[in-house]
Each structure stands twice: as C-alpha cells, then as structure tokens.
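Data block below; observations after.
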Amino acid sequence: MGIVLVVAAALAVPQAWAAKRGGESRSVERGRYLTQIAGCNDCHTPGYLMSGGKVPEKQWLTGDAFGWNGPWGTTYASNLRLYMQGLSESDWLKVARHRELRPPMPVPTLRAMSDADLLALYRYIRFLGPAGEPAPAYQPPGEPPRGPAAVFPAPPK
C-alpha cells in the first residue's frame, strides 16, 4: 500500500505541473506576450538584449547588475520576480500609474498600458514565481557605477 501511495504521489507532481502550465489563463499568456514586445526583458533579464533574446524563460525578469548612468545617477533594472511578490494587483496598478521611476524605464509606455495589460504583466510575473537576487541599489549622481554601465549624456539645453 505504501509503495502505491509513493508512486501515485510521484505521478501527481508532473501532472500538477502540466495542469498548471496547460491551464494558464489568457491573462498570463498576454503577460508573457507583453513582456516580450514591450521590451521588459531587454533591461530586466540579464543577457537578454545582447543575446538576441536567447535566455531561458526561467531566467526572465530577475533583474540585472548592468547600470544605466546619467544625470539622474545610476539605476539598475530591478528583479521584478522578487518585487511583485510584495504587491497586490491594486498596489501594482498604483505603482504603474503614479510612482516616479528613473531612466531608462520607459514610463510613458508603462502609463499608456491599459489596466488589463498591466494586470496581465503582474499575473505573468507572479506566475513565474520568485527567483534570483535583488539588483544593486540606485546610486545618486556623482557616484561611479558599480560595474559595467551605459553612460548617457545630459540632455540638450
């Protein structure tokens, strides 16, 4: 009897995973699509931009230590997989609509998204689950970037 239970439990794990993957909501699928076309991976997934997108999905949106340096200081693409764990859907909508974000985050693109699209991104990121480590903290103007960084000139006057 014990062996039957062990075998049944072992078979249930892959079936549960398949059901989770096969039973993804349209919202999660839309979030996956938006992640790809909106350029989220370009900054928030290490190596994605430079590899032509050849990074396994299990590594997507885990943040990056590559810095973006300019008159605002140096920013690092956050680990969205960890960040979203602490937010509810309504919290995420408030962040996306109102939080001031530093370059190179394309705030106008984020703000132009519908609530349905923002929620699809949220649900997809939550579907991926937590992974990776936090990205380096923001560095104010005048401090050198920690490691490699793209350097932006000051805007024309």
Side-chain angles (χ1 to χ4, degrees), residues 13 16-17 20-21 23-157:
V13 171
W17 174 248
K20 181 178 179 184
R21 293 293 294 184
E24 292 175 19
S25 71
R26 282 186 223 157
S27 184
V28 168
E29 285 299 323
R30 175 105 179 128
R32 178 181 286 117
Y33 169 74
L34 290 168
T35 295
Q36 292 173 304
I37 67 158
C40 304
N41 279 319
D42 293 352
C43 295
H44 291 275
T45 299
Y48 191 90
L49 187 62
M50 301 307 287
S51 71
K54 293 178 177 60
V55 174
E57 186 177 16
K58 68 182 180 182
Q59 295 172 4
W60 287 10
L61 309 175
T62 56
D64 202 345
F66 184 82
W68 301 90
N69 178 264
W72 63 87
T74 305
T75 52
Y76 300 88
S78 61
N79 180 330
L80 297 175
R81 307 257 303 262
L82 297 179
Y83 179 74
M84 291 296 191
Q85 298 307 307
L87 295 180
S88 67
E89 287 184 350
S90 63
D91 290 340
W92 164 239
L93 290 176
K94 288 175 193 165
V95 166
R97 296 282 179 233
H98 305 293
R99 185 167 175 203
E100 293 301 318
L101 302 167
R102 294 180 189 95
M105 183 63 193
V107 173
T109 302
L110 188 66
R111 300 255 160 69
M113 289 184 175
S114 68
D115 284 356
D117 283 347
L118 289 170
L119 290 173
L121 283 172
Y122 173 88
R123 291 171 184 152
Y124 173 63
I125 295 166
R126 294 284 301 239
F127 172 82
L128 288 172
E133 300 296 323
Y138 161 76
Q139 293 176 260
E143 290 187 22
R146 295 180 197 119
V151 179
F152 291 82
K157 295 184 180 193

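Just so we're clear, the structure is a prediction, and the values are computed from it rather than from any experiment. The first residue in the sequence is number 1, and the count goes up from there.
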Minimum heavy-atom separation for Asp64 and Pro136, please, with both atom names. O-CD, 3.7 Å

At their closest point, which heavy atom of Leu121 faces which heavy atom of Cys40, and how far apart are they? CD2-SG, 4.4 Å

Separation between CD1 of Ile125 and OG1 of Thr35, rounded to the nearest 0.5 Å: 5.5 Å

So how far is it from Asn69 CG to Arg146 CZ, rounded to the nearest 0.5 Å? 12.0 Å

Salt bridge between Arg32 and Glu29, side-chain N to carboxylate O under 4.0 Å? yes

Within the structure provided, determine whether Leu101 and Leu110 are in side-chain contact (heavy-atom separation under 4.5 Å). yes

Go through the side-chain N and O atoms of Tyr76 and Gln139 and say whether any donor and acceptor fall under 3.5 Å apart. yes

Side-chain heavy atoms of Pro71 within contact of Pro155, under 4.5 Å: yes

How far apart are the closest heavy atoms of Arg97 and Arg111, and which atoms are they? O-NE, 2.5 Å

Asn79 side-chain N/O to Glu133 backbone N/O, donor-acceptor pair under 3.5 Å: yes

With a 3.5 Å distance limit and no angle check, can you tell me whether Arg81 reaches the backbone of Arg126 through a side-chain donor-acceptor pair? no

Under 3.5 Å side-chain donor-acceptor pair for Ser90 and Ser88: yes

Can you confirm whether the side chains of Ser27 and Arg123 place a donor and an acceptor under 3.5 Å from each other? yes

Can you confirm whether more than 12 heavy atoms, excluding those of Phe152, are under 6.0 Å from its CZ atom? yes

Counting distance only, does the side-chain N/O of Ser78 pair as donor-acceptor with the main-chain N or O of Gly63 below 3.5 Å? no

Side-chain contact, heavy-atom cut-off 4.5 Å: Pro46 with Thr62? yes

Spacing of Met50 atom CE and Phe66 atom CZ [to the nearest 0.5 Å]: 8.0 Å

So how far is it from Asn41 CG to Thr45 OG1, rounded to the nearest 0.5 Å? 3.5 Å

Within a strict 4.5 Å, meaning less than it, do heavy atoms of the Thr75 and Met105 side chains meet? no

So does Met84 get a backbone contact from the side chain of Trp92, meaning a donor-acceptor N/O pair under 3.5 Å? no

Gap separating the OH atom of Tyr122 from the CG atom of Leu80, nearest 0.5 angstrom: 12.5 Å

Hey, can you tell me if Tyr124 and Trp60 have their rings parallel, tilted or perpendicular (30° and 60° cut-offs)? perpendicular

So, do Glu57 and Leu128 sit near enough that their side-chain heavy atoms are less than 4.5 Å apart? yes

Ring pair (Phe, Tyr, Trp, His ring centres under 6.0 Å) between Trp72 and Tyr138, intermediate numbers included: CA-CA 10 Å; Trp72 63 87; Tyr138 161 76; 9.2 Å; no

